[in-house]
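Here's the structure, in structure tokens; my notes come after.
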Amino acid sequence: MRRSPSSPGFWRSPLRGPWLTSVLGVVLLGGITVLFVTGLVSYAAYNPGLSPVNDKTPDKGILGFYLFSWPTDPPWLYRLTQGVHVTLGITLIPVLLAKLWSVIPKLFALPPARSLAHALERISLLLLVGGALFEFVTGILNVQLDYVFPGSFYPLHFYGAWVFFAAFVAHAVLKTPKALRNLRHLKEEKDDLVSPRPAEPTVSRRGALWFVGGGSLLLFATTAGQGFDGFPRRTALLAPHGGGDPGSGPNGFQINKTAAYAGIDEAQTSGDAWRLVVVGRTGTVRLSRADLLQLPLHSSALPIACVEGWSTSDQWWRGVRLRDLAALVGHEGDPPDVFVESLQRRGAFRRAALRANQVADPRSLLALYVNGEELSPDHGYPARIIVPAAPGVLNTKWVARLTFGDL
Ligand SMILES: Nc1nc2c(c(=O)[nH]1)N[C@H]1C(S)=C(S)[C@@H](COP(=O)(O)O)O[C@H]1N2
Ligand SMILES: [Mo]
């Protein structure tokens with residue numbers, strides 16, 4: 001008789017069994033919970049409740065119940081949460097694949113459903129497996145490529161996360177007690193994962209775990225460096241590299257979108273052409289770069305931390321405090337929110353809104369210099385926003401207009 005994937009004898013690896021599945025399951029229980037929480041945190045960090053321009057999933061409804069005003073302290077907050085999100089996600093790929101491999105016979109088991117409860121369980125498993133693959137694939141594509149999925153990454157990854165996590169919670173509630181029992185009695189119980197006619201082993205269960213763990217370690221070692229400067233960054237072989245060559249010198253740190261990519265040319269940013277327009281309670285003020293340099297300049301040491309997981313260590317920025325610019329247009333003492341627009345014509349990140357607490361922070365600058373030198377065109381010359389703890393996307397480059405007032 002030809003065996004099909006749904007017959008018990010088809011899957012013959014002697015490695016399959018409750019122990020291996022349980023070990024991998026417990027690792028994923030912790031890991032995926034951290035991924036979910038840091039993912040929600042990342043969404044909150046965009047301050048989507050503040051303005052539609054910050055919100056990539058405007059139809060979220062009650063799924064935004066938890067949103068809060070993103071703080072400015074500690075200044076490395078987003079560097080940490082998003083670095084963990086992306087690095088952990090990449091590190092868990094081998095564990096996820098091994099877990100799916102370990103339960104693959106169940107995917108093919110017949111009959112499809114023995115009872116209503118069994119049918120519901122299998123549907124939840126489809127959501128679980130489909131959701132896991134979808135979240136990992138969209139996440140990796142967003143980090144690695146300039147995104148190729150149909151539809152915007154943000155809503156797909158956001159709604160996918162909720163579907164996946166709901167199935168994940170149901171699965172964890174049902175299976176964790178059994179997994180922990182399996183791990184305590186190291187002897188394999190009779191279980192439908194155990195092949196009825198196992199093939200000769202070619203590797204021990206522990207060997208298989210080492211193989212998976214080694215794969216994870218390799219991915220970790222070639223990713224984690226993207227959150228640091230110098231030598232560690234060069235070890236980050238899997239970090240995104242599409243952003244343009246940062247070169248060396250004071251402006252030699254990672255670039256996301258280059259000036260050329262954003263369609264910014266010198267004719268728009270040169271001394272005569274560029275003016276910063278500041279709008280507020282008392283009207284509109286136009287400032288050249290020379291005018292800005294006449295205002296009190298301040299320094300702050302702050303990183304850039306991108307949603308893609310990479311970040312720089314602190315750069316030394318120098319420029320005008322956002323709250324001083326607010327004061328110029330009638331908002332002394334208690335600065336409001338600000339809407340920031342750049343010279344860029346197209347692209348999702350050409351404008352952003354910042355909340356009052358971000359404007360009020362004395363470290364928040366309209367930066368004119370970085371590391372003692374003028375900003376390079378790729379880092380946002382003539383002026384860019386830099387705000388402590390904010391995700392990179394709120395640090396708008398090539399700023400042209402600031403509108404202060406409650407949004
Ligand atoms: N005008 C404009 N500003 C922008 C962007 C952009 O595409 N356009 N990208 C943002 C993103 S996503 C990041 S991570 C930071 C990166 O800053 P850097 O290129 O100076 O490192 O710039 C932000 N500012
Ligand atoms: Mo970014």
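For ligands, and for the atoms within them, numbers begin at 1 and follow the listed sequence.
- At the top of the distance list for atom 16 (C) of ligand 1, counting protein heavy atoms only, stands Asn256 CB, 3.6 Å.
- A side-chain N or O of Gln254 and one of Arg233 form a donor-acceptor pair less than 3.5 Å apart.
- A side-chain N or O of Thr21 and one of Ser102 form a donor-acceptor pair less than 3.5 Å apart.
- Ser311 and Tyr78 form no side-chain donor-acceptor contact under 3.5 Å, judged by distance and modelled atom types alone.
- Close approach of ligand 1 to Cys306 is summarised as follows: ligand atoms under 4.0 Å from at least one heavy atom of the residue are 14 (S).
- Scanning all protein heavy atoms for the shortest distance to atom 21 (O) of ligand 1 gives Gln254 O, 2.6 Å.
- Of all atoms in ligand 1, listed by their number and element, those nearer than 4.0 Å to a heavy atom of Trp398 are 1 (N), 2 (C), 8 (N).
- Under 3.5 Å, the side chains of Ser195 and Arg12 contain no donor-acceptor pair of N or O atoms.
- Residue Lys257 approaches ligand 1 through these ligand atoms, each under 4.0 Å from one of its heavy atoms: 7 (O).
- The distance from ligand 1 to the heavy atoms of Asn395 drops below 4.0 Å at these ligand atoms: 22 (O), 23 (C), 24 (N).
- The shortest contact between atom 19 (O) of ligand 1 and any protein heavy atom is with Lys397 NZ, 2.5 Å.
- Close contacts between ligand 1 and Ser342 involve ligand atoms 1 (N) [criterion: under 4.0 Å to a heavy atom].
- Considering only non-hydrogen protein atoms, atom 17 (O) of ligand 1 sits nearest to Arg384 NH2, 3.1 Å.
- Counting protein heavy atoms only, atom 2 (C) of ligand 1 is closest to Gln344 OE1, 3.2 Å.
- Taking the six-membered ring wherever Trp is involved, the centroid distance between the rings of Trp310 and Phe228 does not fall below 6.0 Å.
- With respect to atom 15 (C) of ligand 1, the closest heavy atom belonging to the protein is Gly392 O, 3.6 Å.
- Of the protein's non-hydrogen atoms, Phe349 CB, 3.9 Å is the one closest to atom 5 (C) of ligand 1.
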